Every structure is written in C-alpha cells, then in structure tokens.
Undergrad: 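Below are the structure tokens for one structure; questions will follow.
Quick caveat: nothing in here was measured; it's all calculated off a predicted structure. Numbering of residues begins at 1 and proceeds along the displayed sequence.
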Amino acid sequence: MSDGGMTECRYYQQVEDGAVVCQLCPHRCRIADGKTGRCRSRRNHHGVLVSEVYGKPCALAIDPIEKKPLYHFHPGTTCLSIACTGCNFRCLNCQNHDISQASPADVDYYDLSPEAVVALCKKHRCPGIAYTYTEPLTYIEYITDTARLAHEAGLWNILVTAGYVNQEPLADLLPFLDAANIDLKSFSDDIYQRVSGGRLQPVLDTVLAMKKAGVWIELTNLVIPGINDDMEMIRRMCRWMKENGLTDAPLHFSRFFPRYKMQDTAPTPVQTLRTARQIAIEEGLRDVYLGNVP
C-alpha cells in the first residue's frame, strides 16, 4: 500500500490506542499515531506503519567494491551505492550522522523506484548494487523489492550493515543477498549499549544467519581507543569467528578518527591495529586487513 508517498511496512503489529509495534528490529518500538520509531523513518500513520523513505534515496554513488569494504567478493569491480535516511543505532562515533541520524524531512532525496535503481545500475554498467552508508535494514522493504529485481536482471546485491534486525525480516531478504559487510562494533554487550544503543547477540545472530544462507561475509571492527581496544576482548571475538566456521571470512580492523560525539577521542594508534591483526591470525583467521591506514 502506498499513501501520499509513504509505503506500508511489512513488519508490525497494531495494538491498543492506535499505536503500532514495529517488529523489524530488536528495539520493537511501540509507536504512537504520528510518531516514528528510533530509526526516524518508520512512522505510525493512523494505525498503519509506513516507510517515509521507500523510493527516496538520499545518497547515490559509484564505488569500488573494496570501499564497502569487500576484498574477496569480485575485487576490481564497481557497485552502485545507494542509501536512504535513518538508522536504528545511535553510534556516538557515526561518520555519516548527517544522513543516518537525521529525519527524512530534513534531507534531500532522489525519486527512484526499485525499477529505476536497477535501470540506473545497468546504465552505468555496474555489476551490482550496494545498500550502504546508513542502515539499509531500516528500509528493508525498499531493498528487498530492489534486490529481487536486481537478481532478475543478473546483478549482485551487497549489504553494508550493522546487522541489527529480527530474524523473520532478515529471512525474507537473504535469498536476494550475495555479499555483506557486517559492522561488528565490539564483542561486548555493555559497549554496544553505551556507544551504539543496541545489543550484541542480535548482530551475532545476523552473521550466522547470513553464513547459513550462503551469503559471502566480511566483518569490520572499528577499533576505538579506550572503548573497544581491549585485546582480550578482540581475542574472544576472533575465537568466536573460528568456533562458528568463519575462519575464511575476511576481518577488517579499521582505524578510528574523531567523529560526531567522539571528537575528543584520539585516532587509533596503528600499532593497536597491528596487534589486533596478530591476535586474529593467532586465533586462526586467514585474511585480516587494516583499514583507514596508509
């Protein structure tokens, strides 16, 4: 259903007093009429949960696939990158906060249906589409519809995500995904809550569901000084990857630079990343890279 430029969401429940409960992600926001959930883009419109960003991407670019970063999925190719406004996390260090932590009404956008996205990708001779920059799972209906058409046209679908989603919506998207980079922000539930406003376990569940579905997985861990640079925690993360059959999944340790609400935190020392890489190799991971370094 579409009403005034808004498209009905697929994952919600109507409850008393005209409210709805969004069932897309573990926040399970209870949303009063006229209000939005934490992602700012899913609104209760008279008892119907609607997406205010369906078909309205705020960012478009042609990127090398390595920028996602994906190093072992068709290296040397390009992808059409697309993003809509919104995110279900509140990361204090967000580098795209101007579009991820904004409301759709405050951000300019393009008018692009799923069919138009696929046509644009083919026009620029990109072999795939990357849903990226913000949190694509918050506009899952748009990317699922686009990804289905992309597969029919012989294009790849790439998801760059924090992975905070419930299993039922994810299962509907998985058949159309070819590759994903999941941002594993730390291996501590406490840090997830304090820095990002979420929980760890749902992200791990997403990683394992993608692996089971045959999606090519690469993981990124942004190492922030004084936050998630504890080497024993990093060792536990790498050990979890090994125990869950992810030794072949490339792991990217990325260097932090001051951003958003963490302007007073110093950049990550490169030696910290090198130590993390050595630990990952000791734990049996095969392809470990350093990002945001010379």
Undergrad: Any non-hydrogen side-chain atom of Trp240 less than 4.5 Å from a side-chain atom of Val207?
TA: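 Result yes, sub-4.5 Å side-chain heavy-atom pair found.
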Undergrad: Under the side chain to side chain donor-acceptor pair (under 3.5 Å) rule, what do Asp178 and His151 come out as? Steps first, then yes or no, please.
TA: CA-CA 9 Å; Asp178 299 287; His151 262 198; 2.8 Å; yes
Undergrad: Side-chain contact test, heavy atoms from C-beta onward, threshold under 4.5 Å: evaluate it for Asp111 versus Lys56 and give yes or no.
TA: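 Result no, sub-4.5 Å side-chain heavy-atom pair not found.
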Undergrad: Picking from Asp287, Leu251, Val288, what satisfies side chain to side chain contact (heavy atoms under 4.5 Å, CB included) with Ile281?
TA: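 Only one option passes, and that is Val288.
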Undergrad: Is there a donor-acceptor pair under 3.5 Å between the side chain of Asp189 and the backbone N or O of Arg199?
TA: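 No.
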Undergrad: Parallel, tilted or perpendicular, judged at 30° and 60°: which one describes the rings of Phe89 and His27?
TA: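 Perpendicular.
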Undergrad: Tell me the closest heavy-atom pair linking Ile65 and Pro75, and the distance in Å.
TA: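 For Ile65 versus Pro75, the nearest heavy atoms are CG2-CA, 4.1 Å.
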Undergrad: Distance-only, no hydrogens or angles: does the Asp33 side chain make a donor-acceptor pair with backbone N or O of Gly18 under 3.5 Å?
TA: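 Pair absent, no side-chain N/O of Asp33 close to backbone of Gly18.
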Undergrad: Is the backbone of Gly226 close enough, under 3.5 Å, to the side chain of Asp229 for a donor and an acceptor to pair up by distance?
TA: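 Confirmed, Asp229 side chain pairs with Gly226 backbone.
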Undergrad: Among Thr161, Asn96, Asn88, whose side chain to side chain donor-acceptor pair (under 3.5 Å) with Glu135 holds?
TA: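 Between Glu135 and the candidates, side chain to side chain donor-acceptor pair (under 3.5 Å) is satisfied uniquely by Thr161.
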Undergrad: Can you confirm whether Glu168 is buried at CD, in the sense that more than 12 heavy atoms of other residues, nucleotides or ligands lie under 6.0 Å from that atom?
TA: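 Open: at most 12 neighbouring heavy atoms sit under 6.0 Å from CD of Glu168.
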Undergrad: Consider only side-chain N and O atoms of Asn157 and Tyr131, and report whether a donor and an acceptor are under 3.5 Å apart.
TA: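 Yes, side-chain donor-acceptor contact under 3.5 Å.
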Undergrad: Taking Thr268 for the side chain and Phe256 for the main chain, is one N or O donor matched with an acceptor at less than 3.5 Å?
TA: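 Side chain of Thr268 to backbone of Phe256, a donor-acceptor pair under 3.5 Å: yes, one is there.
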Undergrad: Can the ring centroids of Phe253 and Tyr289 be said to lie less than 6.0 angstrom from one another?
TA: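 Centroid distance Phe253-Tyr289: not below 6.0 Å, so no.
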Undergrad: Would you say Ile279 and Leu246 are hydrophobically clustered, going by side-chain heavy atoms of ILVMFWY under 4.5 Å?
TA: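 Result: yes, single cluster for both.
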Undergrad: Mind running side-chain contact (heavy atoms from CB on, under 4.5 Å) on Arg90 and Gln101 for me, showing each step along the way?
TA: CA-CA 7 Å; Arg90 293 286 187 271; Gln101 303 299 312; 3.2 Å; yes
Undergrad: Salt-bridge test for Arg239 and Glu283: reply yes if a basic N is under 4.0 Å from a carboxylate O, no otherwise.
TA: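 Yes.
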Undergrad: Any idea which heavy atoms bring Ser51 and Cys9 closest together, and the distance?
TA: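 Heavy atoms only, the tightest pair is N-SG, 3.4 Å.
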Undergrad: State, yes or no, whether a side-chain contact exists between Leu204 and Leu184 at a heavy-atom distance under 4.5 Å.
TA: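 Yes, at least one pair of side-chain atoms sits under 4.5 Å.
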Undergrad: Take atom CG in Asp108; do more than 12 heavy atoms of anything else shown fall under 6.0 Å from it?
TA: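 Check fails, neighbour count at 12 or below.
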Undergrad: I'd like to check Arg286 versus Asp248 (side-chain heavy atoms, cut-off strictly below 4.5 Å). Are they in contact?
TA: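 With C-beta onward as the side chain, the pair touches.
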Undergrad: Is a side-chain donor-acceptor pair under 3.5 Å present for His252 with Glu218?
TA: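 Side-chain D/A pair, Glu218 to His252: present.
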Undergrad: Run the salt-bridge test on Arg10 and Glu141 with the 4.0 Å N-O cut-off and return the result as yes or no.
TA: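 Salt bridge between Arg10 and Glu141, a charged N being under 4.0 Å from a carboxylate O: no.
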Undergrad: Ignoring hydrogens, what is the shortest heavy-atom contact between Ala83 and Thr134? Give both atom names and the distance.
TA: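 Minimum heavy-atom separation between Ala83 and Thr134: CB-OG1, 3.9 Å.
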Undergrad: What distance do Ile143 atom CD1 and Ile158 atom CD1 have between them, rounded to the nearest 0.5 Å?
TA: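 Those atoms lie 12.5 Å apart.
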Undergrad: Take a 6.0 Å sphere around OH of Tyr109 and say whether it holds more than 12 heavy atoms from other residues, nucleotides or ligands.
TA: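 Count not over threshold, so no.
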Undergrad: Return the CG to NE2 distance between Leu92 and His97, rounded to the nearest 0.5 Å.
TA: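 The distance works out to 12.0 Å.
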Undergrad: Taking ILVMFWY side chains as joined if any heavy atoms are under 4.5 angstrom apart, and letting links pass through other members, which residues group with Val107?
TA: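 The other cluster members (ILVMFWY side chains, heavy atoms under 4.5 Å, direct or chained) are Ile99, Tyr133.
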Undergrad: Salt bridge check, Arg235 against Glu282: does any charged N sit closer than 4.0 Å to a carboxylate O?
TA: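 Yes, charged N to carboxylate O under 4.0 Å.
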Undergrad: OG1 of Thr132 to CD1 of Ile129: how many Å apart, nearest 0.5 Å?
TA: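 Here the rounded value is 13.0 Å.
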Undergrad: Quick one: does Asn181's side chain get under 4.5 Å of Pro69's, heavy atoms only?
TA: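 Yes; the side chains approach each other to less than 4.5 Å.
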Undergrad: Can you tell me if Thr144 uses its side chain to pair, donor with acceptor, with the backbone of Ile140 under 3.5 Å?
TA: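 Checking the backbone N and O of Ile140 against the side chain of Thr144, a donor-acceptor pair under 3.5 Å is found.
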Undergrad: Say you draw a straight line from OH of Tyr54 to CZ of Arg42; how long is it, rounded to the nearest 0.5 Å?
TA: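 Going from OH on Tyr54 over to CZ on Arg42, the span is 12.0 Å.
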Undergrad: Quick check: closest heavy atoms across Val53 and Tyr139, and the distance to 0.1 Å?
TA: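 So the minimum-distance heavy-atom pair works out to CG2-CB, 3.7 Å.
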Undergrad: Give a yes or no on whether the backbone of Ala105 and the side-chain of Ser103 come within a donor-acceptor separation of less than 3.5 Å.
TA: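 Side chain of Ser103 to backbone of Ala105: no pair is present.
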Undergrad: Can you tell if the side chain of Asn221 reaches within under 4.5 Å of the side chain of Lys185, non-hydrogen atoms only?
TA: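 The answer is no, as the side chains (C-beta and beyond) never meet within the 4.5 Å cut-off.
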Undergrad: Do Leu219 and Val203 share a hydrophobic cluster (ILVMFWY, side-chain heavy atoms under 4.5 Å, transitive)?
TA: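 Yes: a chain of side-chain contacts under 4.5 Å links Leu219 to Val203.
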Undergrad: Less than 4.5 Å apart, any side-chain heavy atom of Arg255 and any of Val270?
TA: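 Counting from C-beta outward, Arg255 and Val270 do come under 4.5 Å.
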Undergrad: Please say yes or no: joined through hydrophobic side-chain contacts below 4.5 Å, possibly via intermediate residues, are Tyr71 and Trp216 part of one cluster?
TA: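 No, because Tyr71 and Trp216 fall into different hydrophobic clusters, even though each may have its own neighbours under 4.5 Å.
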Undergrad: Give a yes or no answer on whether the side chain of Gln14 reaches the backbone of Gly47 with a donor-acceptor pair at less than 3.5 Å.
TA: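 Indeed, once roles are kept as given, a pair shorter than 3.5 Å links the two residues.
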Undergrad: Working to the nearest 0.5 angstrom, can you tell me the gap between Ser188 OG and Asn228 CG?
TA: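 Here the interatomic distance stands at 9.0 Å.
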Undergrad: At what distance, to the nearest 0.5 angstrom, does OH of Tyr12 lie from CG of Leu49?
TA: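 Result: 6.5 Å between the selected atoms.
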Undergrad: Applying the 4.5 Å side-chain criterion to the ILVMFWY set and letting contacts propagate, would Leu120 and Tyr110 be lumped into a single cluster?
TA: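 Yes, Leu120 connects to Tyr110 through the hydrophobic network.
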Undergrad: Using side-chain heavy atoms (C-beta onward) and a distance below 4.5 Å, is Pro57 in contact with Tyr142?
TA: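 Yes - at least one pair of side-chain heavy atoms lies under 4.5 Å apart.
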Undergrad: Charged N to carboxylate O below 4.0 Å: is that the case for Asp63 and Lys68?
TA: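 Answer for the salt bridge query: yes.
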Undergrad: Using every non-hydrogen atom in the two residues, find where Cys94 and Ser100 come nearest and quote the distance to one decimal.
TA: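 Between these two residues, the closest heavy atoms are SG-OG, 3.0 Å.
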Undergrad: Tell me the closest heavy-atom pair linking Ile217 and Ile182, and the distance in Å.
TA: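 For Ile217 versus Ile182, the nearest heavy atoms are CG2-CD1, 3.6 Å.
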Undergrad: Yes or no on side chain to side chain donor-acceptor pair (under 3.5 Å) for Ser254 and Asn292, after CA distance, side-chain angles and deciding distance?
TA: CA-CA 6 Å; Ser254 191; Asn292 289 344; 3.1 Å; yes
Undergrad: Please step through side-chain contact (heavy atoms from CB on, under 4.5 Å) for the pair Ile62 and Ser81, ending with a clear verdict.
TA: CA-CA 6 Å; Ile62 296 174; Ser81 292; over 6 Å; no
